[in-house]
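Remarks on the structure that follows.
In what follows, residues are counted from 1 in the order of the sequence shown.
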Amino acid sequence: MFIVKTDRDREKAMDPGSIGLQENLPNLQLYFLLGLVYVIITPILLPFVLVFFIFVFFIFSAVRRHVCN
């Protein structure tokens with residue numbers, strides 16, 4: 001199955017290893033928490049963000065129109 005030369009290499013090849021839960025769990029918890037927070041906040045903030053960017057677009061286009069002429 002595996003091309004190995006020694007029994008030690010065979011054991012190493014057959015060992016699945018670990019998932020490193022002590023290193024990965026805090027990152028997963030952070031991503032989960034951020035996901036929960038932004039699922040609630042994003043629909044509330046989205047209209048305000050869109051209005052802000054539309055407002056900024058019109059202001060910059062008006063300023064550019066008056067400054068460049």
Side-chain angles (χ1 to χ4, degrees):
M1 180 182 240
F2 293 106
I3 301 174
V4 294
K5 295 182 180 180
T6 64
D7 289 334
R8 184 175 179 188
D9 289 340
R10 182 179 295 119
E11 288 177 13
K12 188 176 179 182
M14 298 300 287
D15 183 26
S18 69
I19 60 172
L21 194 59
Q22 64 273 12
E23 292 96 15
N24 294 330
L25 188 61
N27 290 338
L28 294 174
Q29 288 175 341
L30 176 66
Y31 300 152
F32 181 73
L33 180 64
L34 288 174
L36 284 179
V37 168
Y38 285 116
V39 160
I40 296 169
I41 292 176
T42 300
I44 296 168
L45 291 177
L46 186 60
F48 297 104
V49 171
L50 289 175
V51 168
F52 172 77
F53 282 114
I54 291 169
F55 185 70
V56 168
F57 173 76
F58 285 124
I59 289 175
F60 281 169
S61 63
V63 168
R64 187 182 64 209
R65 190 173 36 230
H66 290 294
V67 170
C68 292
N69 288 334

Exercise for review: Decide whether L34 and V37 are clustered together by the hydrophobic rule: side chain heavy atoms of Ile, Leu, Val, Met, Phe, Trp, Tyr closer than 4.5 Å, transitively.
Suggested key: no
Point to revise | Cluster check V49, F60: I/L/V/M/F/W/Y, side chain < 4.5 angstrom | key: yes
Taking atom [atom1] of [X] and atom [atom2] of [Y], what is their separation to the nearest 0.5 Å?
X	Y	atom1	atom2	answer
L50	F55	CG	CZ	15.0 Å
I3	D9	CD1	CG	12.0 Å
L36	I41	CG	CD1	11.0 Å

Exercise for review: Looking only at non-hydrogen atoms, find the nearest pair between F48 and I44 and report the distance.
Suggested key: CD1-O, 3.3 Å
